[in-house]
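Report on one structure; see the data block that follows.
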Amino acid sequence: ESLIKRNDTLVSILKKMGVSSDNITTLINSENSHLLSKIKIGEKISVTTNEENIVFSLDYIKDFKTGVKAELIKDIYKIKSYELDIEKVKVYKTVRIEESLYSEGLKAKIPDSVLMDLVYIYGWDIDFTHDIRPGDSYSLIYEEVLVNGLKKQNGDILIAEFINQGRKHIAIRYELQSGKSEYFSPDGKNVKKAFLRSPVKFSYISSRYDLKRKHPILHKIRAHTGVDYVAQRSSPVRATGDGTVVFSSRKGGYGNVVEIKHSEDYSTRYAHLNRFRAKIKVGGKVKQSETIGYVGRTGTATGDHLHYEFRVNGKHTNPVTVKLPNAKPIHENDKDSYGLHAKKIIADLKKYQNLSF
């Protein structure tokens with residue numbers, strides 16, 4: 001089995017394997033050989049040859065469930081595309097946090113990718129470098145994708161419940177009429193907000209965040225001027241909301257600074273950047289989560305960190321505690337079907353929670 005690289009073709013791959021030109025010609029002149037003509041970088045090809053180095057069978061694996069198979073039957077290659085049987089199974093997990101959301105999640109055998117999805121879903125409400133306390137807990141139902149009975153992929157989180165400092169946050173995945181899926185609260189509010197809670201991804205601050213380790217992972221809050229996020233140099237810094245760049249230059253002790261105006265009321269500032277992203281220019285539009293620069297220590301800074309300010313009506317506001325405006329709630333057309341879906345999936349979660357105690 002080999003990975004398809006840049007400039008690879010079916011012919012070049014088979015030649016490298018020592019397959020004769022005559023055999024390659026027979027294969028590419030076979031019926032349906034067009035199915036093998038557009039192989040893509042990153043996908044896989046598995047080839048079986050006999051003692052004479054003649055291709056006995058070839059499997060072009062497009063992804064974990066689809067591909068194209070060529071088999072030699074009486075000197076002719078039968079070529080056809082295939083799709084394997086997929087089954088999605090629900091997995092329930094519950095975790096109590098004593099030291100680390102991440103390490104205790106892994107101990108509970110929750111896959112890394114699912115934990116990062118969990119952090120993403122709650123990233124609008126919870127700042128994972130600041131808000132987590134021992135005794136917080138989370139429960140979730142997520143899918144695993146099985147192909148022919150074997151686990152091939154971690155699927156999506158269907159519902160999650162996070163209890164943070166006594167407050168319960170529930171997020172439910174729902175497919176809208178547009179075909180796009182989003183997460184909503186039980187009463188249909190979008191879990192996304194107009195602003196992200198943190199400008200640096202949790203994984204860049206510390207994917208193994210430890211509550212007992214106070215420094216350098218926990219940021220320090222300076223009196224109403226903003227928050228410092230300690231992260232590795234060159235970690236991407238993201239715009240916490242859609243807006244227009246109004247400043248992108250050096251500014252005294254702040255070093256390299258980007259300022260974004262989001263509306264008449266809201267603006268954000270990102271300071272001590274190592275460098276700006278090339279496309280970030282004054283007057284340019286940015287989208288929420290778009291990288292605007294990279295963590296550094298320019299200006300008056302003793303170590304690599306991001307200084308982040310959130311301003312409401314020009315006044316410094318604590319970005320950790322400020323109430324953030326919401327993204328769009330569930331549409332009227334989806335309301336009834338979402339209500340039924342939410343009721344059912346919450347009941348599923350409660351059933352699992354009761355079984356686990």
Practice task
Please step through side chain to side chain contact (heavy atoms under 4.5 Å, CB included) for the pair His341 and Ile172, ending with a clear verdict.
Solution key: CA-CA 9 Å; His341 172 76; Ile172 297 163; 3.8 Å; yes
Practice task
Give the C-alpha distance, both sets of side-chain angles, the deciding distance and a yes or no for side-chain hydrogen bond (donor to acceptor under 3.5 Å, both in side chains) between Thr26 and Asn23.
Solution key: CA-CA 5 Å; Thr26 305; Asn23 187 201; 5.0 Å; no
Practice task
Begin with the C-alpha distance, continue with both residues' side-chain angles, and end with the deciding distance and a verdict on salt bridge (charged side-chain N to carboxylate O under 4.0 Å, His left out) for Glu43 and Lys62.
Solution key: CA-CA 6 Å; Glu43 290 171 354; Lys62 290 186 180 185; over 6 Å; no
Practice task
Go through Asp125 and Lys193 one step at a time and tell me if the side chain to side chain contact (heavy atoms under 4.5 Å, CB included) criterion holds.
Solution key: CA-CA 8 Å; Asp125 285 312; Lys193 304 288 187 290; 3.0 Å; yes
Practice task
Report the C-alpha separation of Thr240 and Tyr270 in whole Å, then their side-chain angles, then the decisive distance to 0.1 Å, and conclude whether the side-chain hydrogen bond (donor to acceptor under 3.5 Å, both in side chains) test is met.
Solution key: CA-CA 10 Å; Thr240 51; Tyr270 312 77; 3.3 Å; yes
Exercise for the section: Could you go through the side chain to side chain contact (heavy atoms under 4.5 Å, CB included) check for Leu115 and Tyr138 one step at a time? Expected result: CA-CA 11 Å; Leu115 287 170; Tyr138 57 93; 3.5 Å; yes
Exercise for the section: Quick one: do Tyr174 and Ser337 satisfy side-chain hydrogen bond (donor to acceptor under 3.5 Å, both in side chains)? Show the steps, please. Expected result: CA-CA 10 Å; Tyr174 184 70; Ser337 55; 2.6 Å; yes
Exercise for the section: Mind running side chain to side chain contact (heavy atoms under 4.5 Å, CB included) on Val257 and Glu259 for me, showing each step along the way? Expected result: CA-CA 7 Å; Val257 172; Glu259 286 183 21; 4.0 Å; yes
Exercise for the section: Step by step, work out the salt bridge (charged side-chain N to carboxylate O under 4.0 Å, His left out) result for Arg173 and Glu182. Expected result: CA-CA 6 Å; Arg173 184 181 174 85; Glu182 294 208 29; over 6 Å; no
Problem - Working for side-chain hydrogen bond (donor to acceptor under 3.5 Å, both in side chains), residues Arg269 and Tyr254 - result: CA-CA 10 Å; Arg269 177 187 275 178; Tyr254 280 107; 3.2 Å; yes
Practice task
With salt bridge (charged side-chain N to carboxylate O under 4.0 Å, His left out) as the test, would you mind laying out the steps for Glu71 and Lys69 before giving the verdict?
Solution key: CA-CA 7 Å; Glu71 285 183 290; Lys69 241 191 174 113; over 6 Å; no
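The distance from the NZ atom of Lys201 to the CG atom of Leu196 is 10.0 Å, given to the nearest 0.5 Å. In this structure, Ile170 CD1 and Phe162 CZ are separated by 13.0 Å, a value rounded to the nearest 0.5 Å. Rounding to the nearest 0.5 angstrom, the gap separating the OG atom in Ser234 from the CZ atom in Arg275 is 5.5 Å. If you take CD1 on Ile280 and CZ on Phe247, they are separated by 14.5 Å, rounding to the nearest 0.5 Å. Here Leu36 contributes atom CG and Tyr77 contributes atom OH; the two are 11.5 Å apart, rounded to the nearest 0.5 Å. With rounding to the nearest 0.5 angstrom, the CD atom of Glu104 is 11.0 Å from the CG atom of Asp136.
A search for ring-ring contact (aromatic ring centres under 6.0 Å, His included) contacts involving Tyr266 returns Phe195, Phe310, not counting sequence neighbours.
Between Lys78 and Glu31, no side-chain nitrogen of the basic residue sits less than 4.0 Å from a carboxylate oxygen of the acidic one, so the salt-bridge criterion is not met. Under 4.0 Å is where a charged nitrogen must lie from a carboxylate oxygen, and between Lys285 and Asp242 no such pair does. Looking at Glu290 and Arg277, a side-chain N of the basic residue comes within less than 4.0 Å of a carboxylate O on the acidic one, giving a salt bridge. Residues Arg311 and Glu309 are paired through a salt bridge, judged by an N-O separation under 4.0 Å between the basic side chain and the carboxylate. In this structure, Asp348 does not pair ionically with Lys350, as no charged nitrogen and carboxylate oxygen lie closer than 4.0 Å. The pair Lys16-Asp8 counts as a salt bridge, with a side-chain nitrogen and a carboxylate oxygen less than 4.0 angstrom apart.
Sparse packing is recorded around NZ of Lys152, with 12 or fewer heavy atoms of other residues, nucleotides or ligands lying under 6.0 Å away. Counting non-hydrogen atoms of other residues, nucleotides and ligands closer than 6.0 Å to NZ of Lys251 gives a total above 12. Remark: Tyr82 OH is packed, more than 12 non-hydrogen atoms of other residues, nucleotides or ligands lying under 6.0 Å away. Heavy-atom contacts from other residues, nucleotides or ligands closer than 6.0 Å to CG of Asp336 number 12 or fewer. In Asn50, the CG atom is crowded: over 12 heavy atoms of neighbouring residues, nucleotides or ligands sit closer than 6.0 Å. The 12-atom threshold is not exceeded at CZ of Arg167, counting heavy atoms of other residues, nucleotides or ligands nearer than 6.0 Å. Residue Asp85 qualifies as open at atom CG: its count of foreign heavy atoms under 6.0 Å is 12 or below.
A 4.5 Å side-chain heavy-atom check between Arg297 and His272 finds every atom pair outside the cut-off. In this structure, the side chains of Asn190 and Tyr183 stay at 4.5 Å or more apart for every pair of heavy atoms. Two residues are said to be in side-chain contact when any heavy atoms from C-beta on lie closer than 4.5 Å; Lys281 and Val245 fail this criterion. In this structure, the side chains of Thr66 and Ile61 stay at 4.5 Å or more apart for every pair of heavy atoms. With a 4.5 Å cut-off on side-chain heavy atoms, Ile86 and Leu146 do not count as touching. Counting heavy atoms from C-beta outward, Leu273 and Val295 have side chains that stay 4.5 Å or more apart. Residues Lys40 and Tyr60 meet the side-chain proximity criterion, which asks for heavy atoms closer than 4.5 Å. Using a 4.5 Å cut-off on side-chain heavy atoms (C-beta onward), Phe64 and Val145 make contact.
Defined by atom type and a distance below 3.5 Å, a donor-acceptor pair is missing between the side-chain atoms of Asp22 and Ser20. A donor atom on one side chain and an acceptor atom on the other are found under 3.5 Å apart for Thr268 and His262.
Residues Val114 and Leu140 come closest through the heavy atom pair CG1-CD1, 3.6 Å. The minimum heavy-atom distance linking Ser137 with Arg96 is given by the pair CB-CA, 4.1 Å. Residues His305 and Gly303 come closest through the heavy atom pair ND1-O, 3.0 Å. Scanning all heavy atoms of the two residues, the minimum distance from Ser139 to Tyr92 falls at OG-OH, 3.9 Å. Here the shortest heavy-atom pairing between Leu58 and Leu14 reads CD1-CD2, 4.2 Å. Scanning both residues, Tyr229 and Arg197, for their nearest heavy atoms gives OH-O, 3.8 Å.
A donor-acceptor contact shorter than 3.5 Å is absent between the side chain of Ser37 and the backbone of Ser33. With Thr291 contributing its side chain and Gly293 its backbone, the two residues share no donor-acceptor pair below 3.5 Å. Although no hydrogens or angles enter the test, the distance criterion places a donor-acceptor pair under 3.5 Å between the side chain of Thr298 and the main chain of Asn256.
The aromatic rings of His169 and Tyr122 sit perpendicular, their planes meeting at an angle over 60°, well past the 30° parallel limit.
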